[in-house]
Every structure is written in structure tokens, then in C-alpha cells.
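The chain is numbered in sequence order, starting from 1.
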Amino acid sequence: MIHGCRIGAGSIVEPGAIVCDGSVVGAECVVRAGAVVKQRSHFGARTDIDGFPAIDVGHIVAPPPTPAWALRLEDLPR
């Protein structure tokens, strides 16, 4: 669930995660399944985010790969 926040390009919000109002998730981050990013939280680029409440659990050295479950541009009707 995502509402009233900013999610950076290339970031992945896994199923069951919640990103609350006023939060900022930087580019190429991963918000792990079940994580709860509290209101007005800020995470920089390439951060691995997990927990309840969510915290920085590590740094990602390369852009995260697109998950198999993610909708791709070629899946959209033309």
C-alpha cells in the first residue's frame, strides 16, 4: 500500500509493504515485503528497507533487478 509519498525511480516495493504519507524512498531502493515505512520517513538511494517500523538494513551496490511479478512495458496493450 502506497499513499501520499515519493518513490524514487527503479525502486521496488514488495507485496505487503506499506509506505505512509510524506515518506521519501530514494532511487533504486528495495522496500521488503511486510515493511512499514512510517509517515515522513526518509531513505536515501539504494537502501535496503525492512521492519516494523522500517529501518535501513543495508546498502544495495547495484540497481535491484526487476522482479518476475512486476508489470513490464511490453505487457501493456498498444
Which residues share a side chain to side chain contact (heavy atoms under 4.5 Å, CB included) with Ala70, sequence neighbours left out: Thr66, Pro67
List the atom pairs, donor and acceptor, that lie under 3.5 Å between side-chain atoms in residues 40-62 and the rest of the protein, sequence neighbours left out.
residue, atom, partner, partner atom, Å
Ser41, OG, Lys38, O, 2.8
Arg46, NE, Glu28, OE1, 2.6
Arg46, NH1, Val61, O, 3.0
Arg46, NH2, Glu28, OE1, 2.8
Thr47, OG1, Gly44, O, 2.7
Asp48, OD1, Arg32, NE, 2.8
Asp48, OD1, Arg32, NH2, 3.3
Asp48, OD2, Arg32, NH2, 3.3
Asp56, OD1, Gly58, N, 2.9
His59, ND1, Arg46, O, 3.3

Which atom of Ser11 lies closest to which atom of Cys29, heavy atoms considered: OG-N, 3.0 Å
Test applied, side-chain contact (heavy atoms from CB on, under 4.5 Å); reference residue, Val13; option that passes from Ile18, Val30, Val31: Val31
Gap separating the CD1 atom of Ile2 from the SG atom of Cys20, nearest 0.5 angstrom: 11.0 Å
Contact summary for Cys5 and Val19, nearest pair of heavy atoms: SG-CG1, 3.6 Å
Heavy-atom closest pair, residues Pro64 and Gly10: CG-O, 3.7 Å
With sequence neighbours excluded, residues passing side chain to side chain contact (heavy atoms under 4.5 Å, CB included) with Leu71: Asp75, Leu76
